[in-house]
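Report on one structure; see the data block that follows.
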Amino acid sequence: MHRILLREVVIDTPTATFAATRQFWAAALLTEAVQVVDHPEFTTLRNPAASSWVGLQDVGGADARYHLDIETDDVDAEVARLTALGAVKVADGRTWVVMRDPSGHLFDVVPHASPMFSVRSKQVPEERRSTRPLRLPRQTVSAAGGSARDWPVPRMLRLTVSPTSRETKSAT
């Protein structure tokens with residue numbers, strides 16, 4: 001069995017706006033930005049006002065986006081588990097694997113290196129190592145005009161729309 005921890009939020013930024021974005025996030029999170037010596041395309045925000053690590057990555061000419069880093073003591077096992085849950089492997093990095101979740105968001109599976117891994121990580125139990133993709137329940141949401149679509153919507157977010165009065169109310 002292996003362990004996992006959502007370690008970091010990474011702000012992927014094009015080179016053209018990297019300096020301004022780095023200054024913005026350092027000021028916004030009341031911290032200082034420090035370039036990672038061994039990997040100069042990365043900058044860490046030292047002790048930010050955040051519950052996880054926050055970093056920036058210079059992505060050259062690529063689009064601005066965010067990605068998450070999932071830290072693990074067994075990269076291969078975690079990649080296999082996440083693939084079984086519906087993620088797709090995109091590329092191999094130096095020591096990590098780039099993946100895409102079912103909605104298209106990129107994230108990395110990285111080897112454990114943080115000092116908090118031993119304290120905050122969780123062990124992946126055997127029953128969570130499914131060989132089938134995760135199946136989400138479908139609920140029907142009625143839009144104004146009477147058309148219906150199948151969307152996975154949590155109960156507290158379901159809306160009821162009256163086609164005549166156009167009033168909306170929560171179904172909680």
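Applying the ring pair (Phe, Tyr, Trp, His ring centres under 6.0 Å) test to residues at least two apart or on different chains, the pairs with a partner in residues 85-126 are H112-F117.
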Practice prompt. Before giving the answer on side-chain contact (heavy atoms from CB on, under 4.5 Å), spell out for D12 and L106 the whole-Å C-alpha distance, their side-chain angles and the decisive distance to 0.1 Å.
Written response: CA-CA 11 Å; D12 297 331; L106 293 175; 5.7 Å; no
Item to complete: Show your reasoning for whether side-chain contact (heavy atoms from CB on, under 4.5 Å) applies to W25 and L45.
Response: CA-CA 8 Å; W25 283 109; L45 298 182; 3.9 Å; yes
Item to complete: Quick one: do W53 and D69 satisfy side-chain contact (heavy atoms from CB on, under 4.5 Å)? Show the steps, please.
Response: CA-CA 10 Å; W53 287 358; D69 283 354; over 6 Å; no
Fill in: Pair D108-E8, side-chain contact (heavy atoms from CB on, under 4.5 Å): steps then yes or no
CA-CA 10 Å; D108 295 337; E8 184 171 13; over 6 Å; no
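Expressed to the nearest 0.5 Å, how far CZ of R22 lies from OG1 of T17 amounts to 11.0 Å. For the atom pair CG of L85 and CG of D101, the computed distance is 11.5 Å after rounding to the nearest 0.5 Å. For the atom pair L82 CG and I4 CD1, the distance stands at 7.0 Å (nearest 0.5 Å). The CZ atom of R81 sits 7.5 Å away from atom CD1 of I70, with the distance rounded to the nearest 0.5 Å. A distance of 5.5 Å separates CD in Q57 from NE2 in H67, rounded to the nearest 0.5 Å.
Panel note: side chain R3, backbone S121; a donor-acceptor pair is recorded below 3.5 Å. Panel note: side chain E71, backbone S114; a donor-acceptor pair is recorded below 3.5 Å. Q35 places a side-chain N or O within 3.5 Å of a backbone atom of P40 that can act as its donor or acceptor partner.
Hydrophobic clustering keeps L5 apart from L68 (ILVMFWY residues linked when any side-chain heavy atoms are closer than 4.5 Å, directly or through intermediates). Linking Ile, Leu, Val, Met, Phe, Trp and Tyr whenever their side-chain heavy atoms come within less than 4.5 Å puts Y66 and L56 in one cluster. V97 and F42 fall into different hydrophobic clusters, where Ile, Leu, Val, Met, Phe, Trp and Tyr are joined by side-chain heavy atoms under 4.5 Å apart, directly or via other members. Cluster membership check: I11 does not share its hydrophobic cluster with V59, using side-chain heavy-atom separations under 4.5 Å among Ile, Leu, Val, Met, Phe, Trp and Tyr. Both V9 and L6 are members of a single hydrophobic cluster when ILVMFWY side chains are connected at heavy-atom separations under 4.5 Å.
Residues passing the side-chain hydrogen bond (donor to acceptor under 3.5 Å, both in side chains) test with T44: none are found, sequence neighbours excluded. Qualifying side-chain hydrogen bond (donor to acceptor under 3.5 Å, both in side chains) partners for D58, counting only residues two or more places apart in sequence or in other chains: T15. For Q23, the side chain to side chain contact (heavy atoms under 4.5 Å, CB included) criterion is met by no residue, not counting sequence neighbours. D76 is linked by a side-chain hydrogen bond (donor to acceptor under 3.5 Å, both in side chains) to nothing, counting only residues two or more places apart in sequence or in another chain.
Through direct or indirect side-chain contacts shorter than 4.5 Å among Ile, Leu, Val, Met, Phe, Trp and Tyr, V88 is connected to no other residue.
Considering all non-hydrogen atoms of both residues, H2 and A77 come closest at ND1-CB, 3.6 Å. Of all heavy-atom pairs spanning P102 and G86, the tightest one is CG-O, 3.8 Å.
Residues M99 and T83 form a side-chain contact, since some pair of their non-hydrogen atoms from C-beta on lies under 4.5 Å apart.
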